[in-house]
Amino acid sequence: MVSFLKKLFGGSGSGGGGNAGPMRSEPIEYKGLMLQAAPEPEGDQWRLAGYVLKGDGEEQMERKFLRADLFSSQDEAIEFAIRKGKQIIDEQGARLFADNEKTGRA
């Protein structure tokens, strides 16, 4: 699983805090929506964060999720961000985008 996630980011997956900042993984489809992991560096750790996306191009809407969970490696934060994104979709589904706003929080 970790090697798959490393390929999504196109990096070495060293998990060190030397990256310039959060970057998004390639979108992963789940139940008609898309997920992107986007862990954020915080000191020597990574904060769980990501996006749930709906639609394409100009019509695309996104909902960011950011959690208090911290991980020692970027790979672990990516893995848990994907899990959390799936959980958010399972629990909220279409309600995430009920307001029809382009951006927002999940």
Inset, instruction - List in chain and number order the residues that pass side-chain hydrogen bond (donor to acceptor under 3.5 Å, both in side chains) with Lys64, two or more places apart in sequence or in another chain; answer none if no residue qualifies. - result: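 Lys64 satisfies side-chain hydrogen bond (donor to acceptor under 3.5 Å, both in side chains) with Glu40 only.
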
Legend entry - Partners meeting side-chain hydrogen bond (donor to acceptor under 3.5 Å, both in side chains) with Gln60 (sequence neighbours left out):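 Counting only residues at least two positions away or on another chain, Gln60 forms no side-chain hydrogen bond (donor to acceptor under 3.5 Å, both in side chains).
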
Inset, instruction - Name all residues meeting the side-chain contact (heavy atoms from CB on, under 4.5 Å) criterion together with Glu101; count only those two or more places apart in sequence or in a different chain, and write none if there are none. - result: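 Residues passing side-chain contact (heavy atoms from CB on, under 4.5 Å) with Glu101: Arg63, Asp99.
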
Inset, instruction - Salt-bridge test for Lys31 and Asp90: reply yes if a basic N is under 4.0 Å from a carboxylate O, no otherwise. - result: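 The answer is yes: the pair qualifies as a salt bridge.
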
Is it true that a side-chain atom of [X] and a backbone atom of [Y] form a donor plus acceptor pair closer than 3.5 Å?
X	Y	result
Arg47	Ala68	yes
Gln36	Gly50	no
Glu79	Ile82	no

Inset, instruction - Would you mind reporting whether Met34 and Ile28 have side-chain heavy atoms less than 4.5 Å apart? - result: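 Ile28 vs Met34: side chains apart.
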
Inset, instruction - Answer whether the closest heavy-atom distance between the side chains of Arg83 and Gln87 falls below 4.5 Å. - result: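 Contact flag for Arg83/Gln87 side chains = no.
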
Gap separating the [atom1] atom of [X] from the [atom2] atom of [Y], nearest 0.5 angstrom:
X	Y	atom1	atom2	result
Ile78	Leu48	CD1	CG	10.5 Å
Gln74	Gln45	CD	CD	13.5 Å
Tyr30	Leu53	OH	CG	15.5 Å
Arg95	Ile89	CZ	CD1	13.0 Å
Met61	Leu33	CE	CG	9.0 Å

Residue pair [X] / [Y]: nearest heavy atoms and the distance that separates them:
X	Y	answer
Ala38	Tyr51	CB-CE1, 3.8 Å
Pro39	Ala77	CB-CB, 3.6 Å
Leu96	Ala106	CD2-CB, 3.7 Å

Inset, instruction - Treat each ILVMFWY residue as a node, draw an edge where side-chain heavy atoms are under 4.5 Å apart, and state whether Leu66 and Ile88 are in one component. - result: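 No.
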
Legend entry - Glu59 atom CD, over 12 foreign heavy atoms within 6.0 Å: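 No, CD of Glu59 has 12 or fewer neighbouring heavy atoms, counting only those of other groups under 6.0 Å.
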
Inset, instruction - Sequence neighbours left out, what passes salt bridge (Lys or Arg N to Asp or Glu O under 4.0 Å) with Glu62? Give chain and number order. - result: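 Partners of Glu62 by the salt bridge (Lys or Arg N to Asp or Glu O under 4.0 Å) criterion, ordered by chain and then number, come out as Arg24.
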
Legend entry - Side-chain cluster (under 4.5 Å, hydrophobic types only) that Leu70 belongs to, other residues: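 Under the 4.5 Å side-chain rule, Leu70 groups with nothing.
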
Inset, instruction - Report the C-alpha separation of Phe65 and Lys84 in whole Å, then their side-chain angles, then the decisive distance to 0.1 Å, and conclude whether the side chain to side chain contact (heavy atoms under 4.5 Å, CB included) test is met. - result: CA-CA 9 Å; Phe65 57 93; Lys84 183 50 124 176; 4.1 Å; yes

Legend entry - Inter- and intrachain pairs under ring-ring contact (aromatic ring centres under 6.0 Å, His included), touching residues 78-101, at least two apart: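 Non-adjacent pairs meeting ring-ring contact (aromatic ring centres under 6.0 Å, His included): Phe71-Phe80.
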
